[in-house]
Enquirer: 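I have a structure here, written as structure tokens, and I will follow up with some questions on it.
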Amino acid sequence: MSKKTGTKETISVFGAGWVGLVTAACFADLGFRVIVRDVIPERIAELEEGIVPFYEPGLTEMLARNRERMHFTLDVAEAVAEADVLFVCVGTPPTYSGDADLSAVWAVIDELPPLEGRAILVMKSTVPVGTGKKVRAALDERGLDHIGYVSNPEFLAEGTAIDDFMHPDRVVVGAFFESDGERVSALYKQIDAPIVRTDVFSAEMIKLASNAFLATRISFINEIANVCEVTGADVEQVAKGMGLDRRIGPHFLRAGIGFGGSCFPKDVSALKQLAGNSGYHFQLLSAVIDVNELQKRRVVGKLTQHLGSLADKTIAILGLTFKPDTDDMREAASIVLGSRLLAEGANVQAWDPMADPDSYLHGARFCESILEAVEGADAAVIVTEWNELRGLASKDVREAMRRPLIIDGRNLLDPDEVRAAGFAYECVGRPSEQHAGSAGGSAVNSERNPS
Ligand code: UDX
């Protein structure tokens, strides 16, 4: 119960990053009073003015309409004074060893003052299995044994985060004490989803295992796509046929240029490292990572098959963010691909409707429009499936390019339409011109569309 109103719990959120702000806004929207604490003064100042420092659909509006229930502060004492539940939503980026960097988590724990009543610290940040136990011990050592601890991992995807929060497949609540778990579960009672109650270790593992499994599916379908390319099968048809099996399901079977983002690469590597630190070699995850790295580079091979040496060739990279509807460039395939092309001596002309390209791809030329990016290009590569690229195979684009070659890293376009529009076209795991019509899928030469 709230120390202040005696009705709903008052929630503090530590970390005004993407997870923290989505969590804060959604709880405020559910009627909770929410205090958001961050250590960056400019961020707090911006939030007070209603400015959200990144793009997430619907978030700015949601924060605005719940403004009277929210408070932003730099001050820990203010953040915790009235809080019943304290969500930790700070970043846990990878270190050079592949472990998660927990310094921001420990900074929160170290700053906590003694609190009135039984406040609960809730870990939303993605942390290695065993972190809860360590935090529990650290709290106890500091005489803060009256503060409860619960693991409540987030499963929010960028671009759909608000919907993912409000309509989740499940809510995972791992607790040391039954009553703490019950209180955190009760925060979600307006949300229609199964609550999975576990111990803290298992809750931590559910998060890592879920992301690792989804990443495994992507690397799996990417390898199937690569085999489709040399056998004449069509990965889209294969994924559909596989996905209708209820034991498999249709999700995360889109072949492409590899997964990126702030979660999958980090969490797969963190789980692999966590296993390794405990003496277990997680072979499957090593393969998932390797396949993903190779997948980002396969485009270079396809370009070379058409263009020969890439030195002094002009390549348009279309879409830079790790997926559409976000401005996030973290671990985006475009960074590896663009850097490889620059290393080959190619001129890279890049376009993206959202990304702030300044800190990435030094040496590339950033263009305001798709047409500017393809001007004089020997090839155009679709890296992110932005809607704006659906009409890429147009007359204007064909006339602007030096050679009408499209490499579609996301299978965004219809191969027949693109070829009918006069382009040479490569995609991922769908038949090339040689294979088109040969539905039998016999093994044939992997040489493709030499121009
Ligand atoms: C992911 C998880 O979905 C989310 O539950 C977790 O909390 C954070 O990580 P996010 O990184 O926002 O969310 O993006 P997601 O939509 O899952 O896509 C991740 C990457 O995989 C993207 O690069 C995407 O292009 C790629 N992907 C996804 C594929 O290549 N194929 C697919 O079938 C699905």
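Start at 1 and go down the list; that is how both ligands and their atoms are numbered. Sequence positions, counted from 1, serve as the residue numbers for this chain.
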Enquirer: Any idea which atoms of ligand 1 are less than 4.0 Å away from a heavy-atom of F155?
Expert: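 So the answer, numbered in order with elements, is 5 (O), 7 (O).
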
Enquirer: Measuring centre to centre across the rings, with the benzene-like ring taken for any Trp, is F252 within less than 6.0 Å of F213?
Expert: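 Judged by ring-centre distance (under 6.0 Å), F252 and F213 do not meet the cut-off.
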
Enquirer: Give me the residue, atom name and distance of the protein heavy atom closest to atom 6 (C) of ligand 1.
Expert: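 Protein heavy atom at minimum distance: L156 O, 3.4 Å.
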
Enquirer: Please report which non-hydrogen protein atom sits nearest to atom 12 (O) of ligand 1, along with the residue it belongs to and the distance in Å to one decimal place.
Expert: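 Going by distance alone, atom 12 (O) of ligand 1 is nearest to E158 N, 2.6 Å.
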
Enquirer: Without hydrogens or angle criteria, can the side chains of W18 and E56 be said to hold a donor-acceptor pair below 3.5 Å?
Expert: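 W18 vs E56: donor-acceptor pair found between side chains.
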
Enquirer: For L253, which part has a heavy atom under 4.0 Å from ligand 1: side chain, backbone, both, or neither?
Expert: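 For L253, the contact with ligand 1 is made by the backbone alone.
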
Enquirer: Nearest to atom 10 (P) of ligand 1, what protein heavy atom do you find, and at what distance?
Expert: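 Nearest protein contact, heavy atoms only, for atom 10 (P) of ligand 1 is K323 NZ, 3.8 Å.
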
Enquirer: For atom 29 (C) of ligand 1, which protein heavy atom lies nearest, and how many Å away is it?
Expert: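 That would be I218 CD1, 3.6 Å.
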
Enquirer: Ligand 1 and F259, any nitrogen or oxygen pair closer than 3.5 angstrom?
Expert: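 N/O-N/O distance below 3.5 Å does not exist for this pair.
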
Enquirer: Take every heavy atom of G256, measure it against each atom of ligand 1, and state whether any distance is under 4.0 Å.
Expert: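 The answer is no: ligand 1 sits nowhere under 4.0 Å from a heavy atom of G256.
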
Enquirer: With a 4.0 Å cut-off on heavy atoms, does K207 reach ligand 1?
Expert: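 It does, in that a heavy atom of K207 comes within the 4.0 Å cut-off of ligand 1.
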
Enquirer: For R330, which part has a heavy atom under 4.0 Å from ligand 1: side chain, backbone, both, or neither?
Expert: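 Neither part.
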
Enquirer: Between N277 and D99, is any side-chain donor less than 3.5 angstrom from a side-chain acceptor?
Expert: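 Indeed, the side chains of N277 and D99 share at least one donor-acceptor pair under 3.5 Å.
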
Enquirer: Any Lys/Arg nitrogen of R33 or E9 sitting under 4.0 Å from an Asp/Glu carboxylate oxygen of the other?
Expert: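 No, no charged N to carboxylate O under 4.0 Å.
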
Enquirer: State whether the side chain of T314 and the backbone N or O of A377 hold a donor-acceptor pair below 3.5 Å, judged by distance alone.
Expert: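 Checked: no pair found.
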
Enquirer: Closer than 3.5 angstrom, by distance alone: can the side chain of D180 be matched with the main-chain N or O of F176 as a donor-acceptor pair?
Expert: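 Checked: no pair found.
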
Enquirer: So does E344 pair up with R340, basic N to acidic O under 4.0 Å?
Expert: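 Looking at E344 and R340, the cut-off is met.
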
Enquirer: Taking 4.0 Å as the limit for heavy-atom contacts, which would you say applies to E154 with ligand 1: side chain only, backbone only, both, or neither?
Expert: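 Both the backbone and the side chain of E154 come within reach of ligand 1.
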
Enquirer: Taking the six-membered ring of F32 as reference, does the NZ or CZ atom of K8 fall below 6.0 Å from its centre and within a 45° cone about the axis?
Expert: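 Here K8 passes the 6.0 Å and 45° test against F32.
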
Enquirer: Please write down residue, atom name and distance for the protein heavy atom closest to atom 33 (O) of ligand 1.
Expert: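 Ranking protein heavy atoms by distance from atom 33 (O) of ligand 1, first comes R254 N, 2.9 Å.
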
Enquirer: Can you tell me the protein heavy atom closest to atom 11 (O) of ligand 1 and the distance?
Expert: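 Its nearest protein heavy-atom neighbour is F322 CE1, 3.5 Å.
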
Enquirer: Between E178 and R183, does at least one N-O distance fall below 4.0 Å, as a salt bridge requires?
Expert: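 No.
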
Enquirer: Hey, does the Lys NZ or Arg CZ of K207 hover above the aromatic six-ring of F155, less than 6.0 Å from the centre and inside 45° of the axis?
Expert: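 Yes.
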
Enquirer: Among all the protein's non-hydrogen atoms, which is closest to atom 25 (O) of ligand 1, and how far away is it?
Expert: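 I find the closest protein heavy atom is R410 NH1, 3.2 Å.
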
Enquirer: At less than 4.0 angstrom from any non-hydrogen atom of A157, what atoms of ligand 1 do you find?
Expert: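 That gives atoms 3 (O), 12 (O), 13 (O) of ligand 1.
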
Enquirer: Starting from atom 9 (O) of ligand 1, what is the nearest protein heavy atom, named by residue and atom, and what distance separates them?
Expert: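 Result: C263 CB, 3.0 Å.
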
